Amino acid sequence: MLTQQTELNARLISVLCFICGLCCQQAIQAAISQAFQTPEVIRMFAKRQPGQLRQRLTDLQRDHKMGKTSEGVYTQQAVEILMALRKLGDKLTAAELDFLTANSSAALSEFERASGAVGAGVLDVAGSQVESAQASS
């Protein structure tokens, strides 16, 4: 009788862990979709490419200074890149952290909150979103 109860408890825990995992994955997918609007940034984030994200930020800053990019587009993309870099563990400068704090949207804050509990799993979810988007296009 005790063995049956132990087995039942183990199965119940497995089922609950599976359900919680699905809920977390859905929350992360929703948060990524709302927080990141730039497909290029999503792709580099999902592929864990901090060097390319840094280069994209440099190019974006140059284009903004030259007047090729509007203030709104610059701010949105710079915040997305900085958030992705932070999530990848890249060290941000004090100026970058200040910019991120001043310009983060509610969607990005929700992404940070939702992804914080699952760590690297967020990259796997983002990667699957990129792959499915590439397959459908």
Side-chain angles (χ1 to χ4, degrees):
M1 182 77 153
L2 185 60
T3 304
Q4 289 176 339
Q5 183 66 35
T6 303
E7 288 176 16
L8 181 61
N9 285 347
R11 287 184 184 150
L12 182 59
I13 289 170
S14 294
V15 168
L16 289 174
C17 287
F18 177 76
I19 291 170
C20 288
L22 289 177
C23 291
C24 262
Q25 185 176 6
Q26 289 172 342
I28 293 167
Q29 284 175 330
I32 289 170
S33 296
Q34 290 175 355
F36 293 99
Q37 303 297 314
T38 311
E40 182 181 10
V41 173
I42 295 170
R43 182 177 36 77
M44 288 184 271
F45 173 64
K47 291 183 176 182
R48 297 171 174 91
Q49 299 175 321
Q52 286 84 346
L53 284 163
R54 279 271 172 214
Q55 184 59 51
R56 177 68 188 117
L57 182 60
T58 300
D59 294 346
L60 183 66
Q61 290 167 336
R62 179 200 63 221
D63 290 349
H64 179 66
K65 286 178 184 175
M66 295 176 67
K68 293 181 179 180
T69 305
S70 72
E71 187 70 31
V73 169
Y74 168 75
T75 300
Q76 176 208 341
Q77 289 186 12
V79 167
E80 288 179 19
I81 292 168
L82 291 171
M83 181 67 73
L85 285 168
R86 186 161 78 179
K87 277 298 179 187
L88 290 172
D90 205 50
K91 187 137 177 84
L92 301 183
T93 66
E96 290 170 336
L97 287 170
D98 290 344
F99 181 85
L100 187 58
T101 301
N103 295 289
S104 285
S105 67
L108 282 167
S109 297
E110 178 62 21
F111 165 73
E112 179 121 58
R113 187 192 64 72
S115 65
V118 292
V122 70
L123 295 174
D124 297 331
V125 173
S128 68
Q129 284 187 336
V130 168
E131 289 169 4
S132 59
Q134 288 174 341
S136 64
S137 57

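These figures come from a predicted structure and were not determined experimentally.
Within the 3.5 Å criterion, the main-chain N or O of Val41 finds no donor-acceptor partner in the side chain of Glu80.
Closest approach of His64 and Ser70 over heavy atoms only: ND1-O, 4.0 Å. The minimum heavy-atom distance between Leu88 and Leu53, with the atom names listed, is CD1-CD1, 3.6 Å.
Residues passing the salt bridge (charged side-chain N to carboxylate O under 4.0 Å, His left out) test with Arg62 are Asp59, sequence neighbours excluded. Qualifying side chain to side chain contact (heavy atoms under 4.5 Å, CB included) partners for Gln61, counting only residues two or more places apart in sequence or in other chains: Leu57, Tyr74. Residues forming a salt bridge (charged side-chain N to carboxylate O under 4.0 Å, His left out) with Asp98 (at least two apart in sequence, or on another chain): none. For the side chain to side chain contact (heavy atoms under 4.5 Å, CB included) test, no residue two or more places apart in sequence or in another chain qualifies with Thr101. Asp90 pairs by the side-chain hydrogen bond (donor to acceptor under 3.5 Å, both in side chains) definition with Arg54, not counting sequence neighbours. Taking the side chain to side chain contact (heavy atoms under 4.5 Å, CB included) definition, one finds that Thr58 meets it with Gln55, sequence neighbours left out.
Side-chain contact between Gln77 and Arg56 is present, with heavy atoms from C-beta onward closer than 4.5 Å. Counting heavy atoms from C-beta on, the side chains of Phe45 and Ile81 never come closer than 4.5 Å.
Using a 4.5 Å cut-off between side-chain heavy atoms of Ile, Leu, Val, Met, Phe, Trp and Tyr, with links allowed through other members, Val73 and Ile42 fall into different hydrophobic clusters.
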